[in-house]
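All remarks here apply to the structure that follows.
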Amino acid sequence: MRLRQVHNSSLRSLRSSNPRITKSLDTHKHVSNEKHFNKPSLKTDSDIVKSNIAITNYMRIGQCDSAQRLFDSLSKRSSVTWNAMISGYLSNNRFELAHQMFDKMPERDLVSWNVMLSGYVKNGNLGAAKLLFDRMPERDIVSWNSLLSGYAQNGYVDEAKMIFERMPQKNSISWNGLLAAYVQNGRMEDARRLFDSKEDWAVVSWNCLMGGYVRKKRFIDARRIFDRMVVRDEVSWNTMISAHAQCGELMEAQKLFDASPKRDVFTWTAMVSGYLQNGMLDEAKKVFDEMPEKNSVSWNAMIAGYSQMKSMDMARALFDAMPCPNISSWNTMITGYAQNGDIAHARHLFNQMPHRDSISWAAMIAGYAQSAHSEEALSLFVDMKRDGERINRSTFTCVLSTCADIAALELGKQVHGRTFKAGFESGCFVGNALLAMYCKCGSIDEAYDVFEDMADKDVVSWNTILAGYARHGFGEKALSIFNSMKAAGVKPDEVTMVGVLSACSHTGLVDKGSDYFYSMTRDYGITANAKHYTCMIDLLGRAGRLNDAKNLMKNMPFEPDAATWGALLGASRIYGDTELGEKAAQMIFQMEPDNAGMYVLLSNLYAASGRWGDVGKMRLKMRDSGVKKVPGYSWIEAQNKIHTFSVGDALHPQRERIYSFLEELDLRMKKEGYVSSTKLVLHDVEEEEKEHMLRHHSEKLAVAFGILTIPAGRPIRVIKNLRVCADCHTAIKYISKIVGRVVILRDSHRFHHFSDGLCSCGDYW
DNA sequence: ATAGGGTTAG
C-alpha cells in the first residue's frame, strides 16, 4: 500500500505541475486587475472554489441532485464548476446529463473536452470519442492517452499502436497504455517485445505483464517477472499468490502469503479461492474464518465453493449470515440450487431478491430448462421483459445455448421466433448460437436454413455447420461445405480442419483425410494439434489400420491425452484387438481415474471376446476404486415437456403402454431377423447383470415413447447422456424400418440418423 | 476545486 501511495503521489505531483503555473499566472492577472475592481471579486472567486469543492463532494457520494441544486443556485460559475458537474455525472453513469452540460456550457476548456472524451470511452462509444477527438480545438497528452486506451479496450490493438506512434509526447501512462492493449487482447509475445525494448517501467506495467501471463496460465513466465521486480506493491504479491493458488501450488502460495509485506482482502480471498479450486473446503473455511475483514467477494467465493461441492445447506447458512448480500450473492445461491436440482428453492430466492439482473434470469431459465420444465423456462423468458430487464443479444445467446445443451428443439424454435421478432436475428453472435442450437438439437436441415439466411457469416459459422454435418454422419455434405467455404474466400482455421478430418473419418475417406492432414500446413499454414492427431488416429483405426494408428501416435510431437487413447480404444473395440484395447484403457485409467465409461468400454471389450474372468475383475476393480458408473438416461421432448427415461424405467406415467408396445415390436423385429446380442452373451454373466441386460435400456424406451406420441412423418429425436448401447443401436435400426419412422439419436459422442433399417454412422461410433 | 493508464479476489 505504501508503495502504491508513493507511486500515486509522484504522479500527482507530475499532474499538478501544470495547474500550478496556470494558478500563478491567474494570481498575477488578478493583482493587476485589482486597481480597477474592488475586493468582492476576490471574495467571489474563493466562493466559486468552495462551491466547486462542494459539488465534487456531492458527486463523490452519488448525490447528483444536491450537486445540481447547488449548481443552479450559483450566481457565478467558472469552467471548473461546469467540468466538475460533467465529470460527476459521468462517474455516476448519468451520461445524458453530462452530455447536456457539455453542450450548454459557455466556454469549454481543455479539461472539459478531455472529460467528455474519457466519458465516451468509458461508455464504450469509440466512434463518438474519435469524432470528439478530431473536433477538439487543442489536445494534450491526456487527450491522446484517453483515445489510446479507448482503442485498446475495444480490441483495436493495431489502431492503438498507430495512435501511440503518432503521439507528440509520451509518458509512462502512454507506454503502459500500449502494453495493456497487447496484454488485454492476448498478444503476449508483442507485449513482451515491447516490455524488453525499454527499461524503467512503472510498477503497474510490471503487474500488467505478469497478470497477462497468469491469465494465459503461463505461471513460470509470471513468476520470472515477479522475481525480477525491484519494486513490488500489494498487487504484485496478490497476483503471484493467486497464480500459485490457481495451479494447485498451495504451499508456495502460503509461503508468499506469509512473506508478503501486507495482506489485504485480495490476498486473503486469493488463498480462500485457491483452496476451494483445489477441493480443499475445510482449509478454505479455516482461512475464511481467520480473515480480518471480508467483503462480498470473499463471502460469495465461499458460498460458491460450498454449492459446487453440493453442500447447499452450508452455502445457505453462509448466505443467511453474510451482512450485505449483493446481487452476485443471490445469483450464486440461485445457480447453486438450480444446479443441484432444487428448483423450488432457486425460484423462492429468485422471487425474494430485491433486484434481478440478466444473470439472475439466465440462471433461473437454465435451471428450469435443465430440470425438464421447458414451459416454465419459456414463460420466464417472456416475463423478463415485463420485469423491465432488457432482453438483449446475450440473453438470447444464453437461452439458445441452454436449449442446445439439453436438445430442447421445440423450446429453441420458440426462442428463435422471438429472436426474429426482437430484430436480433442478424449478426454473427446470435446467428451462430441459432446454428449451434439446431445442430445440437439434431435438426441439421434447419441449421442449414439458418446458415443460408445469415447475411454475414464468419469462420465460426462455417465451422459450426461443417462440424454439424460431420457429427450427424453426413461426411460428404461436410466436405462440400468445406469447398464452398474456400470458394467464399474464408480462410480455414484449426477448428475447420478438425471438422474436415472428422468428416473424413465418419465417412471412411481414409486417403482423402490423410491428404488433408499432411497438406494443411502447406495449404493453410495450420500446424497439427492434438485434436487433429486424434481425428487421424480415429480415421486410421476405423479403416482397420491399427498399426498405422499406433505408429502415428508414437510419432506425434506431444504426449497423447485421454482422447487420443480413446480413439485407439474405439478402434480396438470394433476390430476386437483386446490387447491394444487393454493398453489404451490402462492409459486412460491413469489419466482419468474417475472415468467410469472406460471401465464399461473395456469390460464390453472383454465380454465380446468371451473373457468372462476379466469382465468380473473389471467389476471388482471398479467397485474397489470407488468409481460410480454414471447412470445412463435418455430424454425426449414431446407435448411441450421433456420426458426422461432410465433403464427399466418404472416411473413414467405411460410405462404400461410403452412396455406392451415394445413387446409387440420385439416380435416383429425377430420376424425380420433380429437377434438380441445381449441374450447371446448372457450365459456367463452374474444374475444381477443378466437382469440389467434384459431390461430395456433408456434409449429404447424413449424411442418407443416417441413413436407413440410424436405425429407420423416427424422424426423422433432422442438424447442419451452416454454412448448408445450396441444392442439398442441394432434394435433401433430394425424399429426404424418396421414402423417407417426416422429416429435421430444424440449420444455423448455423435448423432445417429436411423432410417429404413440403416444408421448414418455406418455402425461405427 | 475539474481531466488521462493498469494490475489482484467471486
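To find a chain, count down the sequence lines: A is the first, B the second, and so on, and within it residues start at 1.
Sequence neighbours left out, the pairs with a member in residues 210-254 of chain A that pass ring pair (Phe, Tyr, Trp, His ring centres under 6.0 Å) are A/Phe226-A/Trp237. Evaluation of the salt bridge (Lys or Arg N to Asp or Glu O under 4.0 Å) test over residues 59-74 of chain A, restricted to residues two or more places apart or in two chains, returns none. Among pairs with a residue in residues 290-311 of chain A, none fulfils salt bridge (Lys or Arg N to Asp or Glu O under 4.0 Å), at least two apart in sequence or across chains. Within the structure, every pair that satisfies the salt bridge (Lys or Arg N to Asp or Glu O under 4.0 Å) test and touches residues 320-332 of chain A, not counting sequence neighbours, is listed here: A/Arg316-A/Asp320.
At B/dA9, none of the side-chain N or O atoms of A/Lys294 fall inside 4.0 Å of OP1 or OP2 (strictly under the cut-off). Side-chain N/O atoms of A/Gln184 include one lying less than 4.0 angstrom from OP1 or OP2 on B/dT7.
Distance, A/Lys76 NZ to B/dA1 C1': 16 Å, rounded to whole Å. Regarding A/Gln246, its CD atom lies at a distance of 13 Å from the C1' atom of B/dG10, rounded to whole Å. Whole-Å rounding puts the A/Leu74 CG to B/dA1 C1' distance at 13 Å. Regarding A/Trp299, its CH2 atom lies at a distance of 16 Å from the C1' atom of B/dA9, rounded to whole Å. As rounded to whole Å, 13 Å separates atom P of B/dG10 from atom CE of A/Met271. For A/Trp82 and B/dT2, the CH2 to C1' distance is 14 Å, given to the nearest whole Å. Here B/dA3 presents its P atom at 14 Å from CE of A/Met85, a figure rounded to the nearest Å. Whole-Å rounding puts the A/Phe195 CZ to B/dT7 C1' distance at 13 Å.
For A/Val297, whose side chain is taken as the heavy atoms from C-beta onward, the closest listed nucleotide among B/dG10, B/dT7, B/dT8 is B/dG10. Proximity note for A/Ile53 (side chain, C-beta onward) versus B/dA9, B/dA1, B/dG10: the nearest is B/dA1. In the set B/dT8, B/dG10, B/dA1, the nucleotide with an atom closest to the side chain of A/Val80 is B/dA1. Taking the side chain of A/Asn171 as heavy atoms from C-beta on, and the options B/dG4, B/dT8, B/dG10, the nearest nucleotide is B/dG4. The side chain of A/Ala84 has B/dT2 as its nearest neighbour among B/dT2, B/dT7, B/dG5.
A heavy atom closer than 4.0 Å to some atom of DNA chain B occurs in A/Thr56, A/Arg60, these being the qualifying members of residues 54-62 of chain A. Residues of residues 301-315 of chain A having a heavy atom closer than 4.0 Å to DNA chain B, listed by number: A/Ala301. Contacts of residues 131-165 of chain A with DNA chain B (heavy atom under 4.0 Å): A/Asp140, A/Ile141, A/Val142, A/Asn145, A/Ser146, A/Ser149, A/Gln153. Residues from residues 92-121 of chain A lying near DNA chain B, meaning a heavy-atom separation below 4.0 Å, are A/Val111, A/Asn114, A/Val115, A/Ser118 in numerical order.
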| request: Report the C-alpha distance between A/Trp330 and A/Phe350 in whole Å, list the side-chain angles of each, state the deciding distance to 0.1 Å, and finish with yes or no for ring-ring contact (aromatic ring centres under 6.0 Å, His included). | output: CA-CA 8 Å; A/Trp330 289 88; A/Phe350 180 81; over 10 Å; no
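The base of B/dA1 has none of its N or O atoms less than 3.5 Å from a complementary donor or acceptor on the side chain of A/Asn83.
With sequence neighbours excluded, the residues satisfying side chain to side chain contact (heavy atoms under 4.5 Å, CB included) with A/Ile141 are A/Asn145, A/Met167, A/Gln169, A/Asn171, A/Ser174. Residues satisfying the side-chain hydrogen bond (donor to acceptor under 3.5 Å, both in side chains) criterion with A/Glu159, sequence neighbours excluded, are absent altogether. A/Ser328 meets the side chain to side chain contact (heavy atoms under 4.5 Å, CB included) test with A/Asn300, A/Asn326; sequence neighbours excluded. Not counting sequence neighbours, the partners of A/Asp289 by the side-chain hydrogen bond (donor to acceptor under 3.5 Å, both in side chains) test are A/Lys285.
Residue A/Ser273 is in sugar-phosphate contact alone, with no base atom involved, counting any heavy-atom pair closer than 4.0 Å across all strands shown. Nucleic acid contact for A/Lys122: sugar-phosphate only, since backbone atoms but no base atoms lie under 4.0 Å from a heavy atom of the residue.
By the 4.0 Å N-to-carboxylate-O rule, A/Asp158 lies close enough to A/Arg187 to be salt-bridged with it. A salt bridge between A/Glu252 and A/Lys255 is present, with a side-chain N of the basic residue lying under 4.0 Å from a carboxylate O of the acidic one.
Aromatic pair A/Trp82/A/Phe102: ring centres not closer than 6.0 Å.
For the residue pair A/Asn83 / A/Asn52, no side-chain donor-acceptor distance below 3.5 Å is found, with atom types taken as modelled. Checking A/Tyr89 against A/Gln68 by side-chain atom types alone, a donor-acceptor pair falls below 3.5 Å.
Between A/Tyr120 atom OH and A/Leu90 atom CG the span is 9.5 Å, to the nearest 0.5 Å.
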